[in-house]
Structure formats: structure tokens, C-alpha cells
Amino acid sequence: MNSRGIWLSYLLGIGLLHVILLSIPFASVPVVWTLTNVIHNLCMYLLLHLVKGTPFETPDQSKARFCTYWEQMDYGVQFTASRKFLTITPIVLYILTSFYTKYDQDHFVVNTVSLMTVLIPKLPQLHGVR
Amino acid sequence: YQYILVTALYMLKPWERTIFNSILISVAGMAVYTGYVFM
Amino acid sequence: KNNYVHNASLYNKPFVEQFEETPLFVAVLTYVGYGILTIFGYLRDFLRNWGIEKCHLARERDEQKDFVPLYQDFENFYTRNLYMRIRDNWNRPICSVPGAKMDLVERTSKDYNWTFEHTGKVVKDVINMGSYNYLGFAENTGRCADSATGSTHKYGVGVGSTRSEMGNLDIHEELEQLVARFLGVESSMAFGMGFATNSMNIPALAGKGCLILSDELNHASLVLGARLSGATIRVFKHNNMVSLEKLLRDAIVHGQPRTHRPWKKILILVEGIYSMEGSIVRLPEVIALKKHYKAYLYLDEAHSIGALGPRGGGVVDYFGLDPKDVDIMMGTFTKSFGAAGGYIGGKRELIDYLRSHSHSSIYATAMSPPVSQQIITSMKIIMGEDDTTLGAERLKQLSENTVYFRRKLREMGFIIYGNDDSPVVPMMLYMPAKIGAFGREMVKRNIGTVVVGFPATPIIESRARFCVSAAHTRDMLDTVSHRSETCWKKEKIKEGK
């Protein structure tokens with residue numbers, strides 16, 4: 001997550017997801033934003049907080065095998081730039097989504113629950129907690 | 001050739017390329033249609 | 001960006017290394033490529049799990065499902081979904097000596113590289129830009145081959161015992177004295193395997209309470225040896241002396257974590273030539289730092305011994321430094337001597353200590369006599385002790401070939417990494433599909449190259465790696481550069497700034 005261009009690619013990926021959803025003719029703008037938020041948070045939860053280990057062999061005698069991607073990032077050091085970036089992005093997306101759904105209650109509940117699923121595992125107190 | 005190299009379709013099987021290209025074309029078609037309706 | 005030399009006064013020659021940064025646009029497209037491959041990887045896993053697609057992989061039987069999984073499912077994701085698709089570029093069987101030219105066994109696959117079949121044909125005279133054969137001693141004719149044959153008749157091929165028991169032959173003694181003379185150190189010890197020379201001897205040199213400062217791009221054998229030793233390991237940025245000095249200062253000021261006791265010893269691990277980067281260690285600065293902070297220096301010259309320096313004495317010879325400033329001189333016989341195995345050189349008491357404490361001297365069978373003989377003969381040729389100038393000619397040829405080939409590729413616009421004097425020439429490809437395409441296209445043009453990608457390199461720095469040899473002639477190098485250019489034009493590989 002520190003290599004060059006990965007943050008830009010990630011933001012472009014969110015933008016691309018939103019454009020794809022926006023191009024669904026019968027979907028309204030609030031629904032599209034909520035879908036963007038929920039799909040993004042779902043993918044983030046799966047890739048960063050559910051899948052454990054590495055998709056290739058590592059020379060560390062599989063020490064990383066029981067750690068999620070989020071726990072392996074930056075060798076477990078907390079509050080690094082990448083961690084801050086990956087924590088702030090869902091929050092910004094959530095704020096945008098709330099705005100575009102005109103703070104409708106149903107959307108608000110769905111988006112808030114979805115945001116919590118990606119914010120709570122990022123807390124330093126939950127590092128390595130199962 | 002450049003397109004399949006840059007998108008890494010070069011490494012996929014023909015049927016996977018077909019899936020990818022049909023998704024791409026349908027999304028592009030939907031985007032054009034929605035853009036047109038929106039305009 | 002050129003890594004400028006901070007302490008130019010320490011160097012006896014200009015030290016120029018280039019590592020052009022990956023263009024942002026190319027980096028983003030590279031991530032897109034990996035993203036698409038990952039998505040289709042998950043799709044394929046899904047189809048395999050539900051039996052829709054035939055699974056070629058080794059898996060537990062249904063009766064074994066309740067046991068601990070033998071096959072790490074996710075850890076194999078990359079191998080089965082990305083590597084498999086282009087793995088015809090790797091492990092190509094050859095049916096000749098890996099010299100300047102070689103013969104490839106042609107093979108095909110009907111199931112997208114899950115299995116291969118030999119077609120029975122041989123691709124003759126492929127220009128070999130992949131093997132480590134810096135001085136061209138990978139030959140099955142000539143003085144080395146004859147002497148190796150003679151020693152096979154005299155000793156047989158293998159030694160059935162370890163050095164500390166029956167396996168200590170006179171040829172090993174002769175080899176070790178020659179190596180010590182070649183390096184300019186008091187004593188040396190030879191091992192039958194290069195990787196084991198690192199992974200089995202570092203644990204004998206460092207242990208609990210010691211600190212190992214390791215370059216971030218060190219070879220897996222150094223990493224394994226450091227881990228097996230149980231010492232505390234800290235990693236500094238590749239060839240970055242500011243980062244190394246900072247770690248040294250912190251280590252000395254703060255000492256061990258929690259107790260803050262001083263470290264028993266601090267061992268700096270560096271390589272002479274980094275075979276994936278093509279960079280050369282900043283040895284004068286490393287030695288200045290180690291003297292200043294009273295640390296020990298372990299120099300792995302796997303690629304640089306025989307390939308660098310006016311006498312072929314490695315990176316110490318290249319910078320004109322005193323071998324006694326390096327506490328532990330390690331190297332291998334694989335790359336420049338057409339042989340196998342490794343050595344450690346240094347002070348007599350160090351080597352005597354290793355003879356009695358090294359895992360390899362107690363458990364590993366001794367080095368095969370014909371291989372030892374190959375090393376002795378080639379080393380004597382390099383040192384000029386065979387009354388010919390063959391060694392000096394080859395060293396000169398390698399140096400000229402290296403400078404010529406690097407300059408030619410750079411003039412063509414390729415992005416080349418590393419030091420101008422390094423015979424390892426990494427050429428950047430970046431995108432995952434271009435790894436497979438470049439390797440295949442080059443074999444079509446009768447050139448064998450090595451292509452390397454993630455996770456052996458950073459994800460946005462996939463590359464082809466050319467290894468220049470003294471055995472390559474000028475028109476071979478011209479052929480390689482021209483045909484690379486046609487490949488490069490066809491694939492529109494990123495042009496250097």
C-alpha cells in the first residue's frame with residue numbers, strides 16, 4: 001500500500017465503480033451512491049479484514065498466514081500514512097453518500113452500518129483480535 | 001495487441017476475454033445510453 | 001533518479017546508478033492489470049470449487065477434509081491464477097551447456113501450462129542472456145572440463161561424508177588455500193552449496209542479543225540465515241547509507257529493546273551486486289560506517305566475485321579496498337567459475353571457529369571433487385597462474401561487453417536499472433502481461449532471457465534481466481539489442497526519460 005500510484009489507483013477504482021453504477025438506467029442517484037458505498041465497504045472488508053495470509057509464498061515461514069492484510073500492512077505499525085488514508089477514504093465516501101441521499105433515513109441506516117463494518121476492524125485496539 | 005497487453009487480457013483464456021469484453025461493452029453501452037437520457 | 005554519491009572522496013571511480021521511477025500512468029495501468037487478473041482468479045477458484053472447471057491442483061481427498069489442510073489454499077492463489085498462465089517462460093529445459101549459446105528443448109501445452117509435452121524438436125543456438133556465466137567458464141570443452149574429468153577419474157563424483165569426518169580431501173585443502181590467496185585473506189572455507197553458505201553460517205556468527213542490519217533487497221539465503229540465527233533483524237533501505245547510519249546510531253544509542261543493554265555485536269549484511277537490481281553496493285561508505293560504529297561486515301559476493309574488479313577479485317577489488325576491512329567475505333562459485341558451491345573467507349580464527357561450529361561442515365557432505373577441480377582450474381586461469389592471459393582477457397571482455405550492452409540499450413530508450421559496471425542488466429517491463437509476452441517473443445527470436453515479476457520484485461517493477469557474459473561476442477550483443485528493440489516496439493514498453 002506504499003508503492004507508487006496505488007492510492008491513485010484505489011481512488012480511480014472507486015470512481016470507476018461509481019460510474020458503472022451510475023450508468024444503470026433505472027437506478028436513481030441516491031441508490032447509486034448507497035450502492036457505491038456499500039459495495040466499496042464490502043470489498044474493503046473482504047480484502048482487508050477477512051482474507052488471511054498472502055496469495056503467494058513468503059519467506060517468513062508463513063508467519064503472516066494468520067494475519068489479515070490490514071494487520072500485515074507496514075509490518076503491523078499503527079497510524080502509518082497508508083492506514084490513515086484507508087481509514088479516511090470510507091468516511092469521506094460516507095459523507096458524500098449521506099449528502100447525495102439527502103439524509104434520507106433508510107439510506108442513512110444502511111450506510112452507517114456499512115461504514116462501521118470497515119471502521120471498527122481498523123481500530124488499533126482490535127489489532128490481532130479475533 | 002496493446003489493449004490485451006495493458007489490460008492483462010493477454011494472460012486470460014479466450015472465454016475469459018469474451019466475458020471481460022462483453023462486460024466492458026455493456027457497461028459502455030449503458031453509460032452512453034444513460035448519458036444520452038440524462039442530457 | 002540517479003542516486004548521487006554523498007561521499008565521493010571515498011570512491012576511486014565515478015559511481016553512477018540509475019533507478020528511473022515508474023511513471024504514474026504505467027503504475028496505475030499495472031495495478032489495473034493485476035486487479036483484472038485477481039478478479040478472474042477469484043472467478044476461476046469459484047468454478048473449481050463448484051466442480052464446473054476441472055481442478056488440476058493437488059488437493060486433499062474428501063476423507064481428509066477434517067484434517068489440518070495440507071495445501072494452503074490462499075497462499076497458492078497467485079501461483080494457480082497468475083503464474084500458471086505464463087509459466088512457460090520459466091524452467092525451460094535446455095539440452096546443452098548453458099554457454100553463450102544453448103539448445104532449448106521445445107515443449108507445448110494443451111491445457112494452458114498445467115502440463116507440458118516435449119515436441120521432440122530442439123531450438124538450436126539460442127543466445128543465452130539468462131544464465132549467470134559472467135566469465136564464460138560454462139563450457140564442456142577446454143582446460144576446466146579436462147581437469148574436472150581427470151579429477152572425476154581420480155576421486156569419483158561424490159564424497160560420502162562430511163568435512164568434519166571422512167570427507168576432508170586434499171583437493172578441498174588446495175581449493176581453500178587458493179581461494180584465500182585469490183581473496184587476499186588469511187584463510188577460507190568452501191561449502192558445497194551457495195545458498196547454504198549463507199543460511200547455515202550466519203547462525204554460527206550471530207545469535208540472541210546480537211543485531212543484524214540487513215539490506216531490504218538481500219537474497220533469500222541471507223534472510224533465512226539471519227532468521228535462523230535468532231538475532232534481532234533490522235532492515236535498511238536498499239544501498240542507502242543514510243538509512244544504514246541511522247539504524248547504527250539508534251542501535252548504539254538505545255541498545256537492546258526493553259533492557260537497553262548494549263548489543264553483543266552488530267553485523268551488517270550486504271551483497272556485492274544485487275542480481276535483481278543490477279546495483280553495486282556502496283562498499284567504501286559501508287566500510288567507513290562499520291569502522292566508525294565498530295560493527296562487523298558480512299559481504300555476500302555471490303555475483304560480484306570474478307565479475308568485478310581488474311583482477312576479478314569482486315567488489316573489494318573493484319573499489320580498490322583492503323580485504324581485511326571486510327570481516328566476513330562470502331561468495332559463490334556458481335556465477336563466474338562455471339561450478340557450484342560457496343566460500344567464506346576471513347581471519348584464521350574466524351575460519352577455524354566456523355570449521356568447528358558451522359552446520360555445513362558438520363552435517364553437509366563435502367563438495368564434489370570434480371566441482372572443486374573446476375573451481376581450482378578456473379580460478380587459476382582468472383589469477384593468471386596458468387601461464388596464459390585467458391583470465392585477464394575474459395575479465396576485460398566482460399567489462400567491455402557490460403558497458404557496451406548497457407549503453408546500447410539505454411541509447412535505444414529502454415529503462416535500465418543499476419550501475420553502469422554491473423553485468424546484470426535489468427530492463428523494465430512493468431505490466432504483468434508484458435512479462436509473459438516479452439519472454440515468449442524473445443524466444444521466438446532465438447534469445448533466452450529471464451523475466452521476473454511480483455512478488456520477486458516490487459509489484460510495479462516487473463522486468464527482464466539480461467546477464468552479460470565474457471563469452472558473448474559483439475555481434476551477439478547487437479543481435480540481442482536489435483531483437484529486443486523489435487519486441488519493445490511491438491509491445492510498446494515504456495520508454496526511458
Side-chain angles (χ1 to χ4, degrees), chain A residues 1-48 51 53-58 69 89 93 96-102 104 107 110-111 114, chain B:
Chain A
M1 291 312 286
N2 299 317
S3 67
R4 182 174 162 74
I6 191 82
W7 294 9
L8 173 63
S9 307
Y10 167 63
L11 294 176
L12 290 177
I14 298 176
L16 183 69
L17 170 67
H18 186 65
V19 165
I20 290 174
L21 294 170
L22 210 54
S23 63
I24 298 171
F26 46 83
S28 68
V29 171
V31 167
V32 165
W33 274 98
T34 297
L35 275 178
T36 306
N37 186 45
V38 169
I39 293 172
H40 164 265
N41 292 340
L42 187 66
C43 295
M44 178 177 259
Y45 180 77
L46 287 176
L47 289 177
L48 289 191
V51 171
T54 52
F56 47 80
E57 310 234 338
T58 47
Y69 192 165
T89 316
L93 188 61
L96 282 173
T97 305
S98 301
F99 170 73
Y100 279 105
T101 55
K102 299 182 178 53
D104 170 77
H107 288 282
V110 170
N111 289 317
S114 168
Chain B
Y1 186 64
Q2 197 50 229
Y3 163 69
I4 61 172
L5 274 183
V6 169
T7 54
L9 295 188
Y10 173 87
M11 293 164 66
L12 300 183
K13 285 185 177 176
W15 62 268
E16 291 174 304
R17 289 186 198 178
T18 310
I19 290 180
F20 180 83
N21 289 325
S22 44
I23 290 174
L24 190 67
I25 290 167
S26 49
V27 165
M30 273 194 326
V32 167
Y33 171 72
T34 309
Y36 170 71
V37 166
F38 183 74
M39 300 300 179

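Heavy-atom basis, side chains included; hydrogens, waters and symmetry copies ignored. All chains are named by letter (A, B, ...) in the order of the sequence lines, taking the proteins before the strands, and each is independently numbered beginning at 1.
For A:Tyr100, the OH atom is loosely surrounded, since the number of other residues' heavy atoms within 6.0 Å does not exceed 12.
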Give every donor-acceptor pair between chain A and chain B closer than 3.5 Å, one pair per line, or write none.
from    : atom 1 : to      : atom 2 : distance (Å)
A:Ser23 : O      : B:Thr34 : OG1    : 2.7

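In this view, A:Leu48 and A:Met44, A:Tyr69, A:Trp70, A:Leu86, A:Lys122 satisfy the side-chain contact (heavy atoms from CB on, under 4.5 Å) rule, not counting sequence neighbours.
A:Ile24 touches chain B through backbone and side chain together, each having a heavy atom under 4.5 Å away. For B:Val37, no part lies under 4.5 angstrom from a heavy atom of chain A.
Scanning both residues, B:Met30 and A:Ile20, for their nearest heavy atoms gives CE-O, 4.2 Å.
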